[in-house]
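Working notes, structure below.
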There are 2 protein chains.
Amino acid sequence: MELRQLRYFIKAAELSNFTEAANALFISQSTLSQQIQQLENELKTPLFDRIAKRVRLTEAGKLFLPAARKTIRDGEDGKQLLKDLNELTAGTLAIGLTYGLSDLVIKSLKIFTDNYPKILVQVIYGTPDGLIEFLSEGRIDFLLSFISHQHSPIFESILLFESKLSLIVSGNHPMAKKTNIRLSDISALPLALPVTNFSIREFLDLALARQQLLLDIRLEANDINILLQLADAGTWCTILMASSIFNFPNLKAIPITGKEMVRQATITWPKDTYRKTATRTFIDIIQIQASNQVFA
Amino acid sequence: MELRQLRYFIKAAELSNFTEAANALFISQSTLSQQIQQLENELKTPLFDRIAKRVRLTEAGKLFLPAARKTIRDGEDGKQLLKDLNELTAGTLAIGLTYGLSDLVIKSLKIFTDNYPKILVQVIYGTPDGLIEFLSEGRIDFLLSFISHQHSPIFESILLFESKLSLIVSGNHPMAKKTNIRLSDISALPLALPVTNFSIREFLDLALARQQLLLDIRLEANDINILLQLADAGTWCTILMASSIFNFPNLKAIPITGKEMVRQATITWPKDTYRKTATRTFIDIIQIQASNQVFA
DNA sequence: ATTCCATGATCGAATTTACCGATTAATAAC
DNA sequence: GTTATTAATCGGTAAATTCGATCATGGAAT
């Protein structure tokens with residue numbers, strides 16, 4: 001039994017006429033006749049009475065017709081489901097996110113969910129390593145981070161924007177007026193920094209090692225918001241990407257000079273897997289947002 | 001999209017492994033791979049992520065899987081419906097019946113409905129002509145009557161039993177002791193007979209005309225039961241088939257002599273149409289009942 | 001009655017499709 | 001590296017679908 005046969009049967013039952021049904025189906029009458037017979041053979045039940053020059057549904061045929069219709073309809077429903085999914089009216093979108101890119105995502109999310117309210121969006125914060133793992137497992141659809149995987153065999157990345165490593169200080173901090181600063185100028189400041197397994201910290205530590213500098217680290221936290229609040233209160237300064245302070249109007253990001261101090265925000269997804277429309281659409285949105293945004 | 005492809009997809013989704021799925025489906029791995037691709041093309045949506053050496057459902061695939069299962073299940077349900085119908089656990093049986101054969105049907109019905117309680121039985125009384133019309137229209141499945149259609153091109157008949165036209169009298173009637181009677185002996189009796197469009201009346205009138213006899217007809221009725229009750233009360237006699245008096249133990253049927261006075265009870269159904277199991281089964285039962293029954 | 005028309009079944013041929021086996025490519029595990 | 005596993009691909013074959021033509025039947029028109 002195949003859907004084709006059910007489609008033929010339904011049309012023939014509706015028209016009670018094989019010739020007309022065949023025309024409506026754009027097949028020959030002989031084809032229709034044969035396919036109906038084949039269906040009847042498989043069901044071991046005649047579906048039509050062949051009386052004189054017209055056909056009429058048998059009782060079995062009458063019973064089978066609604067069942068056949070239902071089967072066809074279910075098949076169509078399945079197709080529609082996928083169509084809806086591609087048209088962003090259903091489904092989920094799981095976004096992996098490292099600290100420091102929240103602002104961009106939040107702005108983009110507003111645009112996305114306004115246009116596609118039926119998509120369930122999941123925002124998963126994590127470390128780059130952990131999120132890469134999630135990406136492999138298919139638990140997130142893509143990943144926003146400052147780590148590029150442009151040369152990976154299994155991941156693909158595109159650049160969103162560049163952001164400079166910056167000293168984050170409160171607006172009334174003595175250094176708040178500076179437009180840029182050298183890494184060596186910071187060494188005297190008491191700092192609150194992310195813990196060492198955060199990628200920004202790894203990035204910073206690498207630069208410090210290269211320049212053979214040490215910093216006055218007074219506090220470590222595994223939460224960027226805490227660091228920002230501490231800076232906002234004027235207690236300590238911190239070092240983060242310039243793009244991290246969007247939520248704190250009182251804070252100032254003073255870019256640290258040096259071309260190695262620039263990090264690239266990227267979107268990463270698994271190579272050679274289907275990217276659903278929700279993913280592609282969201283990435284489009286986030287790219288536009290990124291290009292509109294101006295970071296130091 | 002065909003059910004075959006859905007079956008393949010479901011198995012592959014369940015096993016997350018094309019090779020195993022192909023084995024389970026008794027097809028080659030290449031066939032499975034191709035059919036899945038074909039389905040994906042039609043849906044314009046990849047259903048599996050091909051990552052490294054194993055496949056994994058895409059979100060679209062996860063969404064589509066229950067829909068595919070439902071479609072398959074509905075198809076199976078349709079088949080089961082017909083199976084049930086053939087196995088007499090569902091469906092209807094519409095019996096056309098002329099007056100005079102009720103007793104046989106009622107006895108057979110009891111056996112039938114005891115064994116197949118889910119079959120809805122419809123008993124349609126009518127005149128032979130009307131019932132033949134119903135048979136043509138498919139409103140009844142078969143017809144019990146004293147009219148044979150053994151030589152009709154569109155109807156088929158089998159003989160159930162023979163019954164003699166009889167004078168029906170109350171047990172205390174002067175003639176009740178007779179074992180048979182000639183038609184000419186009846187002409188003096190006041191009679192209550194079926195109306196002229198009843199087939200038994202047509203049959204009787206034909207015989208009377210042949211023998212150039214007239215009867216003393218005092219009453220006509222279009223209901224056999226009324227005639228039987230009148231006879232039972234001793235008011236009048238009537239002429240019916242011997243098989244009609246089963247419900248009236250006080251009545252006696254005195255066969256009328258002459259070979260033309262024998263009528264054949266038959267079952268008739270349309271030639272060359274599917275006879276459902278309910279029909280075939282009921283006919284079997286009624287044939288057995290008829291052979292067990294002894295009529296004058 | 002006879003002819004004509006409409007309809008479904010059937011037949012043979014052509015086309016399409018499903019299927020298989022062998023091979024290739026990719027990758028994970030050793 | 002090497003091996004084993006797995007899915008994709010290719011070419012060929014068998015099967016199924018489809019078509020056109022024809023046949024058989026029954027109803028309608030004449």
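None of the values given here were measured: they were computed from a predicted structure. Letters A, B, ... mirror the listed sequences (proteins, then strands); counts begin at 1.
Checking the phosphate oxygens (OP1, OP2) of C:dA9, a side-chain nitrogen or oxygen of A:Arg50 falls inside 4.0 Å. Taking only side-chain nitrogens and oxygens, B:Thr19 never comes nearer than 4.0 Å to OP1 or OP2 of D:dT6.
Taking atom CG of B:Leu15 as the reference point, atom P of D:dA7 lies 10 Å away to the nearest angstrom. Look at CG on A:Asn17: it is 18 Å from P on C:dC5, rounded to the nearest Å. Between A:Phe18 atom CZ and D:dG26 atom C1' the separation is 16 Å, expressed in whole Å. Note: CG (A:Leu47) to C1' (C:dG8) measures 16 Å, nearest angstrom. At whole-Å resolution of the value, CD1 in A:Ile36 and P in D:dT18 are 12 Å apart. The CZ-C1' distance, from B:Phe9 to D:dA7, rounds to 17 Å in whole Å. Atom CG in A:Asn41 sits about 14 Å away from atom C1' in D:dA16, given to the nearest Å.
No hydrogens or angles considered: a donor-acceptor pair under 3.5 Å links the side chains of A:Gln80 and A:Asp84.
To the nearest 0.5 Å, atom CG of residue B:Leu32 and atom CD of residue B:Gln35 are 8.5 Å apart.
By the side-chain contact (heavy atoms from CB on, under 4.5 Å) test, B:Thr279 pairs with B:Leu93, B:Asp141, B:Phe142, B:Arg275, B:Lys276, B:Ile283, sequence neighbours left out.
The nearest pair of heavy atoms linking A:Phe203 to A:Val262 is CZ-O, 3.9 Å. Pairing each heavy atom of B:Arg263 with each of B:Ser199, the nearest pair is NH2-OG, 3.4 Å. Closest approach of B:Leu82 and A:Ala60 over heavy atoms only: CD2-O, 3.4 Å.
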Go along nucleotides 11-21 of chain C 5' to 3' and tag each nucleotide: B for a protein heavy atom under 4.0 Å from its base, S when only backbone or sugar atoms are that close, - otherwise. B------SBBB
